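See below for the structure under consideration.
Computed over heavy atoms, backbone and side chain alike; hydrogens, waters and symmetry mates excluded. Keep in mind it's a predicted model, so treat the numbers as computed, not measured.
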Amino acid sequence: VIYGTYGKHPKEAMFYLHALPLPGFLLLAPDIYNHIMIAINSAPLQVPFLNIQAPCMMLYLLGNVITQYICISAVFVLTTECASLTVTLVVTLRKFLSLLFSIWFFQNPFTPLHWLGSILVFGGTILFSDIPGLLRSQREAALKKKSS
């Protein structure tokens with residue numbers, strides 16, 4: 001409804017959804033300060049190609065901020081271009097792939113519940129994207145072509 005009246009502005013939506021909660025972080029200022037100090041005092045790490053050293057936790061934080069910005073920007077653009085269900089499906093798939101990457105990277109066990117979750121996520125994706133219907137229509141088209 002809002003997009004229909006005022007147009008699609010994903011950058012504006014992202015700005016407001018991230019700027020408005022910022023004053024709430026003032027309540028956590030002492031804790032944020034303590035953790036920034038922990039990050040600044042972390043072990044130094046050599047930055048490739050720049051020939052400088054920086055605290056490793058600050059580099060990890062920078063990498064996390066950059067990748068999160070890319071991801072959330074893409075999600076906001078997606079919300080202007082696709083239906084809500086499609087956005088939910090894409091975000092769920094991204095979170096699932098992040099979970100799989102985390103399991104692989106940290107070498108955690110892949111339990112039967114992980115398998116069940118995998119089956120449900122990919123099964124839902126296949127059903128939503130209507131791959132069975134697409135395969136059926138391709139088969140029918142091939143049969144029509146043969147009989148012609």
- Item | Joint cluster assignment, L45 & I52, ILVMFWY side-chain distance < 4.5 Å | yes
- Query: Are the side chains of R94 and V90 in touch, meaning some heavy atoms are under 4.5 Å apart?
  - Reply: no
- Message: Just verifying a value: how many Å separate Q138 CD and E140 CD, rounded to the nearest 0.5 Å?
- Response: 11.0 Å
- Message: Any heavy-atom pair between the side chains of N51 and Q46 that's under 4.5 Å?
- Response: yes
- Query: Can Y69 be reached from L61 by stepping across I, L, V, M, F, W or Y side chains whose heavy atoms are under 4.5 Å apart?
  - Reply: no
- Item | Minimum heavy-atom distance between F25 and I32, given as atom pair plus value | O-CD1, 3.9 Å
- Should W115 and L100 be counted in the same cluster of Ile, Leu, Val, Met, Phe, Trp and Tyr side chains packed under 4.5 Å apart? yes
- Message: With rounding to the nearest 0.5 angstrom, report the CG to OG distance, L113 to S118.
- Response: 10.5 Å
- Item | Pairwise distance CG(L99) to CD1(I103) - rounded to 0.5 angstrom | 4.0 Å
- Message: Looking at every non-hydrogen atom in both residues, tell me the closest pair between P21 and Y16 and how far apart they are.
- Response: CD-O, 4.2 Å
- Message: Show the nearest heavy-atom pair for residues A54 and V47, with the distance to one decimal.
- Response: CB-CG2, 4.2 Å
- Task: Provide the closest heavy-atom pair for N64 versus T67 in the form atom of the first, atom of the second, distance.
- Result: O-OG1, 3.1 Å
- Message: Tell me the closest heavy-atom pair linking L93 and V121, and the distance in Å.
- Response: CG-CG1, 4.4 Å
- Does V77 share a hydrophobic cluster with F15, counting links as ILVMFWY side-chain heavy atoms below 4.5 Å and allowing steps through other members? no
- Query: How close do F76 and H18 get, heavy atom to heavy atom, and via which atoms?
  - Reply: CE1-CE1, 4.1 Å
- Looking only at atom types and distance, does a side-chain atom of S102 sit under 3.5 Å from a main-chain N or O of S98, one as donor and one as acceptor? no
- Kindly work out whether a path of hydrophobic side-chain contacts (I/L/V/M/F/W/Y, heavy atoms less than 4.5 Å apart) joins W104 to F106. yes
- Message: Please verify the inter-ring angle class for F101 with F105; under 30° counts as parallel, over 60° as perpendicular, anything in between as tilted.
- Response: parallel
- Message: Would you say that I36 contacts Y33 through its side chain, given a criterion of any heavy-atom pair below 4.5 Å between the two side chains?
- Response: no
- Query: Does M57 offer a backbone N or O that forms a donor-acceptor pair with the side chain of S42 under 3.5 Å?
  - Reply: yes
